[in-house]
Amino acid sequence: MTIELTNRAAAHIRRSLEQHGSGLGLRLGVKPSGCSGFMYTVDYAEQISDDDTLIEQHGVSVVIDPKSLPFLDGMEVDFIREGLNERFEFRNPNVTAECGCGESFAIQ
């Protein structure tokens, strides 16, 4: 199982956790949604279950539930700033299609 965080993504996660005031790391997952089939979910990991996968890189933790894990294998997570806009960017080699608005994706 491989998920790579860029230094920018790790720095953003660290800042977000400090501002939030709690959390063990970033919880990353997928859920059925949108016109293409799935969308990413991002939240604070307030707890880690026994069946969660914990990935630690660049001094931060990413927690992934077992159902989302196969969809995220090989993905790189970056954090992008473009002018006033900022967002996580997910570079997922498993994605076979994306919707026009960029909110959902398909995996076969």
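Predicted model, so just to flag it, every value in this text is computed and none were measured.
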Take Ile55 and Ile64 through the side-chain contact (heavy atoms from CB on, under 4.5 Å) test and state the conclusion after the steps.
CA-CA 8 Å; Ile55 297 169; Ile64 304 168; 3.8 Å; yes
Practice task
Might you work through the side-chain contact (heavy atoms from CB on, under 4.5 Å) test for Phe105 and Val30, ending with a clear yes or no?
Solution key: CA-CA 10 Å; Phe105 61 93; Val30 297; 3.7 Å; yes
Check the pair Ser61 / Leu24 against side-chain contact (heavy atoms from CB on, under 4.5 Å), numbers first and verdict last. CA-CA 7 Å; Ser61 299; Leu24 304 170; 5.9 Å; no
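Residues Leu72 and Tyr40 have side chains in contact (heavy-atom distance under 4.5 Å, counting atoms from C-beta outward). Within the 4.5 Å cutoff, the side chain of Arg8 has heavy atoms near those of the Asp78 side chain. In this structure, Val62 and Gln57 have side chains that are not in contact, with every pair of non-hydrogen atoms separated by 4.5 Å or more. For the pair Val77 and Ile3, the minimum side-chain heavy-atom distance is below 4.5 Å. Side-chain contact check for Phe79 versus Ile13: every heavy-atom pair is 4.5 Å or farther apart. Considering only heavy atoms from C-beta on, Arg87 comes within 4.5 Å of Glu82 through its side chain. Contact of the Phe90 side chain with the Val95 side chain is not registered, since no non-hydrogen atoms from C-beta on lie closer than 4.5 Å.
Applying the side-chain contact (heavy atoms from CB on, under 4.5 Å) rule to Asp51 yields the partners Ser49, Pro66; only residues at least two apart in sequence or on another chain are considered.
Residues Val63 and Val42 do not share a hydrophobic cluster, clusters being chains of Ile/Leu/Val/Met/Phe/Trp/Tyr side chains in contact below 4.5 Å.
Between atom CG of residue Leu17 and atom CG of residue Leu26 there is a gap of 7.5 Å, rounded to the nearest 0.5 Å.
The minimum heavy-atom distance linking Pro70 with Lys67 is given by the pair CD-O, 3.5 Å. Taking all atoms of both residues into account, the shortest heavy-atom contact from Met39 to Ser33 is SD-OG, 3.3 Å. Taking every heavy atom of both residues into account, Gly29 and Ser68 meet most closely at CA-OG, 3.4 Å. Taking every heavy atom of both residues into account, Arg27 and Gln47 meet most closely at NH2-O, 2.9 Å.
Judged by distance alone, the side chains of Glu76 and Thr6 never bring a donor and an acceptor atom under 3.5 Å apart.
Between Phe88 and His12, the ring planes are perpendicular. Angles over 60° get that label, and only those under 30° would be called parallel.
Between the side chain of Asp73 and the backbone N or O of Thr2 there is at least one donor-acceptor pair closer than 3.5 Å.
Applying the ring-ring contact (aromatic ring centres under 6.0 Å, His included) test to residues at least two apart or on different chains, the pairs with a partner in residues 45-73 are Phe38-Phe71.
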